[in-house]
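Read through the structure below, which is laid out as C-alpha cells, and then see the notes.
Each chain gets a letter, A, B and so on, in the order the sequences are listed, and its residues count up from 1. Below, all heavy atoms of this structure are taken into account, side chains as well, without hydrogens, waters or symmetry copies.
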Amino acid sequence: MTDTASSEPAPIEIPEGVWSQPEVDMSAIEEIASVESVRSVRAFASLTYDYTPGLATTRFLRAIKEKRLVGERCSETGKVYIPPRGVSPVSGMPTTEQVDLGLDGTVVSFCVVNLDFTGNAQEIPYVSALILVDGSDIPIYGLVREIPYNEVQPGLRLKSVWVEDSEMTTSFENIKWWAPNGEPDVPASELADYV
Amino acid sequence: MRDVAIIATAQTKHVRSATTVNEVELIQPVIQEVIERSGLGRHDFDFTCSGSSDYLAGQPFSFVMTLDAVGAWPPISESHVEMDGAWALYEAWVKIQTGHADTALVYSYGKSSPGDLPRVLSRMTDPYYEAPLWPTSVDIAALQARAAIQAGVTSEQAMADIAYRSRTSAAANPFAQLTTSAQPLALMDEEYLADPLRRHDCAPITDGGVAIVLAAGDKARSLCSRPAWIRGIDHRADGHHLNFRDLTTSPSVRIAAEKAGVANGPVEIAELHTCFTHHEPILRSALGLGDDVEVNPSGGPLAANPMMAAGLIRMVEVANRIHSGEVSRGVAHATGGHALQHNLIAVLEGEG
C-alpha cells in the first residue's frame, strides 16, 4: 500500500448544495488537525497463473511452431474452428478431427486504428482485421501491413508473414502480420456467413 | 409455488490438477453426461445457468468459452453467476417459478490449479482495508477457528475427528479426491498450517465441475422415477467486513434454514459446504441439526472442493440419495465468501 503523493489525482470539484454532511467532532483527538488527510490509496495487486491451453489448443500450438495452422472440425456441422478450444460451439460436442489449413486468408472485416494506446508498438494508423484463414469457418484477428490503410477492404486476399524459423515458438506471435498476396478480391457475397 | 426437482446429475472425478484440459474440455463431458441422463435433448432446455469465476484460472470471460459445451446455437436463454453453482441453481429455480421455463440445465466448474488459490481468494475481501493486507482464505479461516474454539463451539480434537470421518466416508465416493486419513490422534501431531488449523482441517485444492437438470411438476415425474423435489430454498448473507460479524455463529444460515423449512420434517442427511473442519459445528448449530444427523456422507468438501462447484455438489449428493431411494429428506448447504459469509440452504425430498 502506497500513499501516492507524487501522482495525486486532481481534487474533485463538487458544486455547492449537492449534498450536506455533518461536521465530524474530532476534538477528542488532539493531534488530528495536524495530520494530512489521505486522499487516495493505491494498493498494488498481482497474481501469477500457469496457462493451461488444453488438448485441442495444445495441438494447435505445437503445429504453429512448425509453421502450420491446424483447425478442428465439428462432426455435426462440418465447420472448422481456429484456434480450436476442444468443443464445437454449435453441437456442444468435442472436436476430434484436426484439419490442416492454408497460410493465406481473406479480410472479412477490419478497422483502422488511430489511437496509440498503452503498450502498443505499432505506428498509427494501422489496420486490425478479421481474417478468414483458408479452410476455416471462423475469422481470427490479425494485423494488416504492406498496403496503405485506406486500400484495405473486405475480400482482400492476404498471406501470413512469419518470424524467422529460428524464432518460432508455440505462440500465435509467430505470425508477425498479414500482407496482400496479389490474388483478386473475394466477392462480398461469399463472406456473408462470416461477418 | 411450482414443484421443481433435480432430475439428473453428473460430476467430474475431482483432482488436484487437471493439467491437460482447459475449462471447456473439463466441463463438456459432465454436461454431455447430465443431458443424456435427463432424457432431454440438447435443445430441450428452456433455460441454462452456470457458475464460475475468472479469477481461478486467470482466464478472462472463461464462462463464455465454456458455453461452447452447451451448444448454444440456435440462440438460447442463458445466464451466469460469478458464484457457486448452487446460486445458478437458485436463479434457474426462480426462472421456473416465474413460469418462463419448465426445464433448466445448471452447471458450474472451477479450475483452481493454474493459480495460487489462497492468495486468489484474498481478492474477495474489501479492497480498502483488508485486500491490501493479502489475507489468504486459510488465514481468515484460522481467525474464525480460533474464535470458535475460544467460544467453546469446537476443539482441535473435534476438528480432527471431523477430518477423519469426512475422508474415510469419501472412500465410498468414486468422485472424491481425498479418500483416506490418518487416525485423529495422529492428525493432532501434525504441524499447524495457520494456528489452530492444520493441513487436515482444510479442504483440498481441486479442479472439477458438476451439472444438474431441473424440471417442474409432471415434466419432472415423466423424466425421473423419483425426483428430488426442492421443498424449500433460501439464501442470506452476513456482513462483508469480518469485523462486522461474530464469526462463531451464522445468523444467515439460521435465517435461511428457517425460510427453507429445515425444521418442518426429519433431516436424514445433511450435505454441508464445509471448506474447513470448524465450519461443521457452526453450521450444525445454526441449522439446528441433532447429533444423530449424518453430515457429509459423501466426504464433503474436505474430500473434494472444486471452487464454484462444491456447493452445487452438496445438492447433487443429497439428490442422488433421494433418486436411489436411500433417503427421503435431506438438507444441502452452499457457501460463498470468506468464513461462511453468504449461505444457501435447500431442503430436498422424495415422494412415496
Side-chain angles (χ1 to χ4, degrees), chain A residues 1-4 9 37-62 70-98 119 136-138 140-141 170 172 193-194, chain B residues 17-32 35-36 41-43 45 48 54-60 62 64-76 105 107 111-123 125-134 207:
Chain A
M1 189 171 16
T2 321
D3 187 356
T4 55
S37 62
V38 176
R39 302 175 60 170
S40 73
V41 169
R42 190 170 292 182
F44 292 96
S46 122
L47 292 164
T48 305
Y49 295 92
D50 297 321
Y51 175 59
T52 310
L55 298 166
T57 308
T58 295
R59 289 190 284 263
F60 170 81
L61 291 171
R62 296 261 182 249
V70 175
E72 302 215 353
R73 192 187 305 278
C74 170
S75 57
E76 198 176 294
T77 63
K79 301 274 188 196
V80 175
Y81 293 99
I82 172 182
R85 305 281 183 204
V87 176
S88 162
V90 173
S91 71
M93 300 298 280
T95 51
T96 49
E97 184 196 344
Q98 286 87 56
S136 75
D137 290 290
I138 193 160
I140 59 173
Y141 283 104
T170 48
F172 231 141
D193 286 349
Y194 306 104
Chain B
S17 187
T19 50
T20 58
V21 291
N22 60 28
E23 289 170 299
V24 65
E25 290 168 339
L26 176 83
I27 196 66
Q28 191 279 336
V30 177
I31 292 175
Q32 189 180 336
I35 291 173
E36 284 166 6
R42 187 171 284 274
H43 302 293
F45 296 96
T48 298
D54 290 359
Y55 276 76
L56 296 175
Q59 185 78 58
S62 91
V64 177
M65 292 191 208
T66 49
L67 205 50
D68 285 358
V70 173
W73 186 264
I76 60 170
L105 170 66
Y107 63 94
K111 197 166 187 313
S112 299
S113 58
D116 180 354
L117 184 64
R119 274 171 63 81
V120 170
L121 295 182
S122 78
R123 301 301 85 196
T125 53
D126 114 81
Y128 307 108
Y129 297 102
E130 290 167 356
L133 304 173
W134 289 86
D207 288 351

Residue, of B/Pro114, B/Ser122, B/Ala69, B/Gly71, that accumulates the most heavy atom pairs under 4.5 Å with chain A: B/Pro114

Residue list, salt bridge (Lys or Arg N to Asp or Glu O under 4.0 Å) with A/Glu97, at least two apart or on another chain: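 Counting only residues at least two positions away or on another chain, A/Glu97 forms a salt bridge (Lys or Arg N to Asp or Glu O under 4.0 Å) with A/Arg73.
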
Residues in salt bridge (Lys or Arg N to Asp or Glu O under 4.0 Å) contact with A/Glu72, at least two apart in sequence or another chain: A/Arg59

For [X], is it the side chain, the backbone, both or neither that has a heavy atom under 4.5 Å from a heavy atom of chain B?
X       : result
A/Pro94 : both
A/Thr58 : neither
A/Leu47 : side chain

B/Gly58 backbone acceptor or donor facing A/Tyr51 side chain under 3.5 Å: no

A/Arg62, CZ: over 12 other non-hydrogen atoms inside 6.0 angstrom: no

Exceeds 12 heavy-atom contacts within 6.0 angstrom, atom OH of B/Tyr129: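 No, the 6.0 Å shell around OH holds no more than 12 heavy atoms from other groups.
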
Which answer fits [X], side chain, backbone, both or neither, if we ask what part of it has an atom under 4.5 Å from a heavy atom of chain A?
X        : result
B/Arg42  : side chain
B/Ala131 : neither
B/Gln59  : side chain
B/Leu56  : backbone

So how far is it from [X] [atom1] to [Y] [atom2], rounded to the nearest 0.5 Å?
X       : Y        : atom1 : atom2 : value
B/Glu25 : A/Thr52  : CD    : OG1   : 10.0 Å
A/Phe44 : B/Trp134 : CZ    : CH2   : 12.0 Å
A/Leu55 : B/Thr20  : CG    : OG1   : 5.0 Å

Contact summary for A/Met93 and B/Gln28, nearest pair of heavy atoms: CA-NE2, 3.7 Å

With A/Pro89, the side-chain contact (heavy atoms from CB on, under 4.5 Å) member among B/Leu67, B/Val64, B/Asp68: B/Asp68

Contacts with chain B made by residues 76-87 of chain A (heavy-atom distance under 4.5 Å), listed by residue number: A/Arg85, A/Gly86, A/Val87

Partner set under side chain to side chain contact (heavy atoms under 4.5 Å, CB included) for B/Ser17, not counting sequence neighbours: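 For B/Ser17 the side chain to side chain contact (heavy atoms under 4.5 Å, CB included) partners, ignoring immediate neighbours, are B/Thr19, B/Ser113, B/Asp207.
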
